2 protein chains.
Amino acid sequence: MVTRVETAAATRRALVDAAGALLDAGGPDAVTLREVGARAGVSRSAPYRHFADKESLLAAVATEAWSEVGDALEALVAEPAARPEQALRQALLAMVEIGRTRPHLYRLMFAAPAADPTVVVRAAERTQDLFLEIVAAVVGQGAARQYGGLLLSSAHGVTHLEISGHLLEHKWQATGEQLVDLLIGLLPMD
Amino acid sequence: MVTRVETAAATRRALVDAAGALLDAGGPDAVTLREVGARAGVSRSAPYRHFADKESLLAAVATEAWSEVGDALEALVAEPAARPEQALRQALLAMVEIGRTRPHLYRLMFAAPAADPTVVVRAAERTQDLFLEIVAAVVGQGAARQYGGLLLSSAHGVTHLEISGHLLEHKWQATGEQLVDLLIGLLPMD
DNA sequence: TTGTTGAGATGACAACGTCAACTGAAACTG
DNA sequence: CAGTTTCAGTTGACGTTGTCATCTCAACAA
């Protein structure tokens, strides 16, 4: 027996998945409501039963991506972490990694704030709370707040520059990993 | 006497200016070829006499923006610069500044690489060469290449995070300026 | 059973990027 | 000078897109 709310939830899932798949495969322009609907097995304007408009659908995709990053960080925090700076390194490289494997999704996560940015920002906030914990284990509770902002910004900058083709390796002679390591080396250890 | 090449050049200028103005005023979605043409005093498909397509027009806007940043850096390099780290600070804060005043243009400058990214990248290359000089004056010629990549990435990350609404001040208790100063303070002075 | 609800389908519309065909004046050629 | 070419610009049209109004119909409530 399939209830109505069950099929509705399943459709919503299929819509978000389809949008994400199209985004990965062909970039933002490839995400059309018609194609999203087709892949989800419904028709072109069915998404309007689940999202206010196209922007809201994309916001849902971004929110899920942030949640996944949050889960990864949560795993890092949960571990014993003999070497705190190793956990920090993994956290920063996780950003570089997702940027490389899913650049369009990464861009979406940092897209221009929507009319009502609360949904995406709230998901990002949890992520940054966890990140703050990881940083505190390295530089201490007191300095974590300022260094956390710098570390997050730098890792994002490295990632975003790299997927934009602006991190010219022949000029800087540095990969994303090397820049992350260089940054961590500059930190005052607690 | 107005020659044909003169009016053509003038039209091209007007098109680029109109596109930039529309971008600043209403974001990427507000830049339609029809409106660009109208503001430039020509009609909807006139831009195709000057640019291959809409993407090429936007690439021209981005290229000009990179040139302006390059000019600003050139002025910094030309000065005597009693304190090299002050020049570096100004260079980094220039990125934060343009991001704040013209966020949509800033995003365009770091947009996804086009099919043929050579045009934009070449303009960015000059900018980064100048930036390399400024960095070398602070950390020395040898270390400039690795630290330059880090500094550029970090400043971009701070700026991009800020205009994306993801640099949560209540969490990190740090403005863009403070993060830039913090980063500079970490550098090994030559 | 009958009425209500809400997910989905369909038709339609305006706006958009883009192209083909056309126009006219400047620039060149003899 | 006349004839020809070139090319910036216009207009008409086409396919695609996001979105809305309307309709359908199965799940639920009474």
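Just so we're on the same page: letters track the sequence lines, and every chain starts at 1. Note that the coordinates shown come from a computational prediction; the quantities given were computed from them, not determined experimentally.
Summarising the geometry, the separation between CZ on B:Arg34 and P on D:dT16 is reported as 16 Å, rounded to the nearest angstrom. Spacing between atom NZ of B:Lys54 and atom C1' of C:dA15 amounts to 11 Å, rounded to whole angstrom units. Across the protein-nucleic acid pair, B:Tyr48 atom OH and D:dT11 atom P stand 17 Å apart, rounded to whole Å. The CG-P distance, from B:Leu58 to C:dT18, rounds to 10 Å in whole Å. Between the CD atom of A:Glu35 and the P atom of D:dG18 there is a distance of 11 Å, given to the nearest Å.
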Notebook entry, point to check: When every nucleotide of nucleotides 4-11 of chain C is labelled 5' to 3' by its protein contacts under 4.0 Å (heavy atoms), B for base, S for sugar-phosphate only, - for none, what sequence of letters results?
Noted result: -BSBBSBB

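The side chain of B:Thr3 approaches C:dA27 more closely than any other nucleotide in the set C:dG17, D:dT19, C:dA27.
Classified by interplanar angle (parallel below 30°, tilted 30° to 60°, perpendicular above 60°), the ring pair B:Tyr106/B:His160 is tilted.
Within residues 16-32 of chain B, the residues that place at least one heavy atom under 4.0 Å from DNA chain C are, in residue-number order, B:Val31, B:Thr32.
Between B:Thr63 and B:Arg122, the side chains place no donor N or O within less than 3.5 Å of an acceptor N or O (distance only, hydrogens not considered).
For B:Phe51, the ring pair (Phe, Tyr, Trp, His ring centres under 6.0 Å) test picks out no residue, with sequence neighbours left out. When the salt bridge (charged side-chain N to carboxylate O under 4.0 Å, His left out) test is applied to B:Asp17, the partners found at least two apart in sequence or on another chain are B:Arg13. A:Arg12 meets the salt bridge (charged side-chain N to carboxylate O under 4.0 Å, His left out) test with no other residue; sequence neighbours excluded. With sequence neighbours excluded, no residue satisfies salt bridge (charged side-chain N to carboxylate O under 4.0 Å, His left out) with A:Glu97.
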Item checked: Stepwise side chain to side chain contact (heavy atoms under 4.5 Å, CB included) test for B:His50 and B:Ser56 -> CA-CA 9 Å; B:His50 303 270; B:Ser56 297; over 6 Å; no

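Annotation: of the two residues near DNA chain C, B:Val5 and B:Leu33, the 5′-most nearest-nucleotide partner is B:Leu33.
At a threshold of 4.0 Å, the pair B:Glu85-B:Arg89 does not count as salt-bridged, since none of the basic side-chain nitrogens sits closer than that to a carboxylate oxygen.
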